2 protein chains.
Amino acid sequence: MTVKERVRIGGRSARIQSAVHDAVRKLGALSTRNQITVPQIAAEAGVTPSTIYRRWGDLSALLADVAVARLRPIADPDDTGAVETDLRAFIEQYAEEMSSPVGQALMRDVLSALKEGLPSACAGFTCDHLTTLNARAKARGETPFDIDEVIDHVVAPIIYRALFSEQIPTPDYCNRLIDRIYLPARKRRTAV
Amino acid sequence: MTVKERVRIGGRSARIQSAVHDAVRKLGALSTRNQITVPQIAAEAGVTPSTIYRRWGDLSALLADVAVARLRPIADPDDTGAVETDLRAFIEQYAEEMSSPVGQALMRDVLSALKEGLPSACAGFTCDHLTTLNARAKARGETPFDIDEVIDHVVAPIIYRALFSEQIPTPDYCNRLIDRIYLPARKRRTAV
DNA sequence: ATCCTTAACGCAAAATATTTGCATTAAGCT
DNA sequence: AGCTTAATGCAAATATTTTGCGTTAAGGAT
């Protein structure tokens, strides 16, 4: 009587999950973000609506589940050879993704769900990437940056602008944000 | 044949809008943020559901409308006599409001709506308050702060944490964020 | 003050979406 | 291979959203 796995992972269950996710992505791509319904998704995925309701609860929970899966990183950020350029390259790509219409919609889907923990999971993805960059830095003998500082003063402004204003952050803007992380240290070092 | 006002403002229309808003606030307060429906709101407000659908479109649009109305400032921030303390007092209260369960729910309601412009309107409220503080500063002969800098490095981190992490920003944390606005200028002045 | 136009509403039927009971399928384990 | 039961399909029941149409009442004009 093992009480280990109480949820089914393989076979049909996984096939349905994949089909439903694919259907959401396909329907979300066209039909510019309006009027997507559970019966529509079910038909596209070749599944009964009741299956979706039982597994995900409601539309917003399903959209959030798909959004988190799409926001989950599939690869480590590029290795440019040095921490600072690693960080600049990562942030530039991150800002572009999150400010795009798709990225904005994914964030809204995650935030709209009543499920607790999904938004913090997404923040965790970003934190993981920054930790990876720092691990590389340490392996190279470089001094790592302060992750919380980058989140507060580089990531947060980018996300705030993406969510609450219409303007997209330019690469130049991103670099100015990162300057605030690196320039003070340099000034202090050269001044003292 | 005047084409001035094409939307009705007074009388019954206003009464219904008020009753519906009140119903949303009342139902939103209890029933901890789950399972609130349009028919429920209609019954509480003493209106037909079809009225709500025709006026607001769907539930998320109604919730967003109510949320923006609640986020709209009703009074100017407190006047403490000096810009820096004005800013610290305002930010502390702002952080507390936005990080509270109610504040988080209001932000999610605004972001969840498909209506364009509502999130930027809310960002505008914050900007207006900061502009008010700066106007006071100028009237006093003080040097105003950089509004964009405060939004990027004080407001944005607070909102990012409220939305994407579970931790609430302490007053101490808020003050450290504001220190980054004021301390560099002081150091530069005293150093050079 | 009264009339006119029409935006906004109420009502009820229709269309659509969601929930639920029950039979069936197939994972995961022994 | 057999057993247990989570997960699904189907269809009925329930709830919701949409829509047509008659009625009410703002806002303006006479």
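Small disclaimer: the values here were computed from a predicted structure and weren't measured. Because only heavy atoms are used, hydrogens play no part in the values below, and waters and symmetry mates are left out as well, while side chains stay in.
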Euclidean distance, atom [atom1] of residue [X] to atom [atom2] of [N] [Å, nearest integer]:
X     : N      : atom1 : atom2 : value
B:I16 : D:dT23 : CD1   : C1'   : 13 Å
A:R12 : D:dA6  : CZ    : P     : 14 Å
A:I36 : C:dA17 : CD1   : C1'   : 15 Å
B:Q17 : D:dA26 : CD    : P     : 15 Å
B:L59 : D:dT18 : CG    : C1'   : 16 Å
A:D58 : D:dT16 : CG    : C1'   : 14 Å
A:Q40 : C:dT16 : CD    : P     : 12 Å
B:Q35 : D:dT14 : CD    : P     : 18 Å

Main chain of [Y], side chain of [X]: is a donor-acceptor contact present, judged purely on distance under 3.5 Å?
X      : Y      : answer
A:S120 : A:G117 : yes
B:T51  : B:V47  : no
B:S18  : B:R15  : no

### Task
Measure from the side-chain heavy atoms of B:S50 and tell me the nearest of D:dT17, D:dG9, C:dG10.
C:dG10

Considering just the side-chain nitrogens and oxygens of [X], establish if one lies under 4.0 Å of OP1 or OP2 belonging to [N].
X     : N      : value
B:S13 : D:dA26 : no
A:R54 : D:dT8  : no
B:Y53 : D:dT18 : no
B:T48 : C:dC9  : no
B:T51 : C:dG10 : yes

### Task
Please determine which of A:D109, A:L59, A:L62 meets the side-chain contact (heavy atoms from CB on, under 4.5 Å) test together with A:V24.
A:L62

### Message
Among A:D172, A:D78, A:D179, which residue satisfies the salt bridge (Lys or Arg N to Asp or Glu O under 4.0 Å) criterion with A:R88?
### Response
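Passing option: A:D179.
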
### Task
Report the stems of DNA chain C as range-with-range entries sorted by first number; a stem here is at least three consecutive pairs, Watson-Crick or G-U wobble, both distances under 3.5 Å, and write none if there are none.
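DNA chain C forms these stems: C:1-30 with D:1-30.
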
### Query
How many angstroms lie between CD in A:E142 and CZ in A:R136, if you round to the nearest 0.5 Å?
11.0 Å

### Task
Identify whether any heavy atom of A:T37 sits under 4.0 Å from a base atom; if not, whether one sits that close to sugar-phosphate; answer base, sugar-phosphate or nothing.
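Answer is sugar-phosphate: A:T37 comes under 4.0 Å of backbone atoms only.
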
### Query
Does CD belonging to A:Q104 count more than 12 external heavy atoms closer than 6.0 Å?
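Yes, because the 6.0 Å sphere around CD of A:Q104 holds more than 12 heavy atoms from other groups.
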
